[in-house]
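Notes to accompany the following structure.
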There are 2 protein chains.
Amino acid sequence: MYDVAERSGVSIATVSRVYRTPESVRAQTRERVLEAARELGYVPSGNARGLASRTTGVLGLCFPDYADPDAEADAEADSDADDAVMLYSDQIIRGMERAARRHGYALLIAASLEGGPESLVAKVAGRVDGFAVLAQTVPTEDLEVISRRLPVVMLAGPREIDHLDHIVVANADGERELTRHLIEDHGLRRLVFVGGDTDSPDAEARFRGFREACRDAGLPVPDEPALRTTMMKQAEGALAAETLLDRGGERPEAMLFANDQMAVGALRALARRGVRVPQDMAVTGFDGIPLGRIVQPSLTTVRQPIRRLGEQAVELLVQRLSDTGREPVSLTLPVSVIRRTSCGC
Amino acid sequence: MYDVAERSGVSIATVSRVYRTPESVRAQTRERVLEAARELGYVPSGNARGLASRTTGVLGLCFPDYADPDAEADAEADSDADDAVMLYSDQIIRGMERAARRHGYALLIAASLEGGPESLVAKVAGRVDGFAVLAQTVPTEDLEVISRRLPVVMLAGPREIDHLDHIVVANADGERELTRHLIEDHGLRRLVFVGGDTDSPDAEARFRGFREACRDAGLPVPDEPALRTTMMKQAEGALAAETLLDRGGERPEAMLFANDQMAVGALRALARRGVRVPQDMAVTGFDGIPLGRIVQPSLTTVRQPIRRLGEQAVELLVQRLSDTGREPVSLTLPVSVIRRTSCGC
DNA sequence: ACACGTTTTGAAAGCGCATTCACCCTAGAT
DNA sequence: ATCTAGGGTGAATGCGCTTTCAAAACGTGT
């Protein structure tokens, strides 16, 4: 910048004005400066600009390090499927990028390796005007510290820190509606719910929705899922289905799984056992993964608006940046029941 | 930082060392500093750090503003397909993010709106250690200026500036191999190639591969594609197929399209006309889009390693950052022929 | 007790830009 | 010719950190 100033015979203040407030510089001067900048290959330093103006024009996203384990398993069988399917994080990135672009922000993304002062999280936090965090990505204590300095919005998880904005999807509502559909529209009565680990807020919320629907319909309300799995993967879903089949007592009419992966695994297990879906058994999932559309029979499920999650995150960040004092908000994004074949539709 | 220094009774230099070179600070002092930092909610400023150290730890990516037009069209018919299918840019982002993470970099992404000094491109350029550009995203003149200051790698396009690293996929090789397959393995003789606009380097390279295969097989070598379309979309592919059908002379045995979108359109048009694929007509595409797997008959095509493109981009950037003097390199990524139903396999 | 080699720490000088304040110049008004 | 407004410009300061360089603290051997 000093070079540009010298070469065009002005002060650095004028060069700065050429970029920040072009109309405040006489056209002729402006041209001289731009010409010099071109000749010298001048690229304004975002760092210096950010330092001086205390703003970066960048929003951030921290997401977990994992790739969907089942996606990897599928990929082995069919390596180019891996390139075709969007993961959770891909969709959020897409949503955030689009929304950020609309507001003139760029997007800085990083998967969190581990916590600590030198993590990528710290790098992101220091370089953005605000950022979004996927639940269980950043240690709460780090978040606590960071969120005192800049806007943070928590995505798809419990609000661990109460002064943060946060966005969740309507897990309970979705599962309740899905369950209601099975009960009222298909006349099913003996339903079982297969949940996840107790520390999965999503799975717990979905179970809650299931219970509410049972209660509303006057059916028995279970205290616990019929079964819990730890990772909610396909293999566990398959195992769960078999376990439930082998369990004594009357066979259930429907198995509701806390996510699509388990449901898909169950579909395969049931096929192996000769249990016809949906005639002998209805099966449902939750999430709306692409695989659910392809599998036979196609999977009835609840679709999460993941991309909207990203878009909303940006909106909240932008809002808060323009109104620091705003009360923390907590959004719940609506989900939609996708009726396909596996429920009997 | 000054506050942290004061609160912990040390100088700012020591605070800095705690974060940059923790082992050079006595453990006891370090603890005091970290404690104070925690209490004060201290988040190191990436800007200041970048300014002082002249490095950001961030790599960038600029990609075009468009969403795949056909993808949008498909999305109207089936809105959740849109969320399931990865676009070109999504795949590159994924590849770059993974590779960047391995090297300890975060990734800054921005779609280029327009050029000019205040564009997102300029923002990206000023905030990263190096970045990748998708062809036809950034005006060459801007790139010319920027690339004199930091490493830039050009992706999937002609190297407009000769001192840039750049990466392309083996368009010609792929099409040549695909054509050879049709000729040798399926014994086809009357092949026609449907190309794109002359200013599409990809389409031209693919046509070149087609010609090479014809020449190698001793078949007539056309100077021009049998037909050219401008946008290479499905509708144009359909139209092209019909035009070729209606054209006088002997009906071709195979239609090779410059991309998958056109090929899929052609598949539909041929079905409407009662031309059986692959019995009466072989059809091939190029790209390896997910749709090609689903369509009936499934589409034989050439798959581009898009994600690898992103990974390689990061590798080149990292290399160049550690060895500024390295000669510009030009990589060509191998592609793979995917034999599915539409060619007769 | 003293000298000497090692850590540890501090002081100070930037890094490249935005921004305030004061100044200068040009027009139009008097 | 003198004055007044304002637009256009420059000097100077500070943003928060890294990084020498030098001084202080610490340990060790004599």
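Letters A, B, ... mirror the listed sequences (proteins, then strands); counts begin at 1.
Atoms CG (A:L51) and C1' (D:dG16) sit 5 Å apart, rounded to a whole Å. Atom CZ of A:R54 is separated from atom C1' of C:dT19 by 10 Å (rounded to the nearest Å). One interatomic measurement links the two molecules: CE of A:M1 to C1' of D:dT9, which rounds to 13 Å at whole-angstrom precision. As rounded to whole Å, 15 Å separates atom P of C:dT8 from atom CD of B:E31. Remark: C1' of C:dG16 and CZ of B:R49 are 18 Å apart, rounded to the nearest angstrom. Between B:I12 atom CD1 and C:dC15 atom C1' there is a gap of 13 Å when expressed in whole angstrom units. Rounded to an integer number of Å, the gap from A:R20 CZ to C:dT20 C1' is 16 Å. As a whole-Å value, the separation of B:R17 CZ from C:dT7 P is 15 Å.
Put simply, the side chain of A:S45 gets close to the backbone of A:N47: a donor and an acceptor are under 3.5 Å apart. A:R127 contributes a side-chain N or O that, together with a main-chain N or O of B:G46, makes up a donor-acceptor pair within less than 3.5 Å.
Closest to the B:V10 side chain, of the nucleotides C:dA18, D:dC17, C:dG10, is C:dG10. When the nucleotides C:dA12, C:dC17, D:dA11 are ranked by their closest atom to the side chain of A:P44, C:dC17 comes out on top.
Counting non-hydrogen atoms under 4.0 angstrom, B:G46 reaches nothing in the nucleic acid. In this structure, A:S16 reaches the bases: a heavy-atom distance under 4.0 Å links it to at least one base atom across the strands shown. Among the protein residues, B:S45 comes within range of the sugar-phosphate backbone only, with heavy atoms under 4.0 Å from sugar or phosphate atoms but none that close to a base.
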A:E35/A:R38 under salt bridge (charged side-chain N to carboxylate O under 4.0 Å, His left out): CA gap, chis, key distance, verdict: CA-CA 5 Å; A:E35 169 64 16; A:R38 225 169 292 132; 3.1 Å; yes

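Taking the nucleotide of DNA chain D with the nearest heavy atom to each of A:G9 and B:S53, the more 5' of the two is matched to A:G9. The nearest heavy atom of DNA chain C to A:V15 and to B:Y2 marks one nucleotide each, and the one closer to the 5' end goes with B:Y2.
In this structure, A:Y42 has its ring center at least 6.0 angstrom away from the ring center of A:Y2.
Here CG of B:D129 is found 11.0 Å from CG of B:L108. Values are rounded to the nearest 0.5 Å.
Between A:T29 and the phosphate of D:dG8, there is no side-chain N or O to OP1/OP2 separation shorter than 4.0 Å. Contact annotation: B:S11 side-chain N/O to C:dT9 OP1/OP2 distance is not under 4.0 Å. Between A:R26 and D:dT9 there is a side-chain polar atom (N or O) within less than 4.0 angstrom of OP1 or OP2. Remark: A:T14 is not in phosphate contact with D:dT9, judged by side-chain N or O atoms under 4.0 Å from OP1 or OP2.
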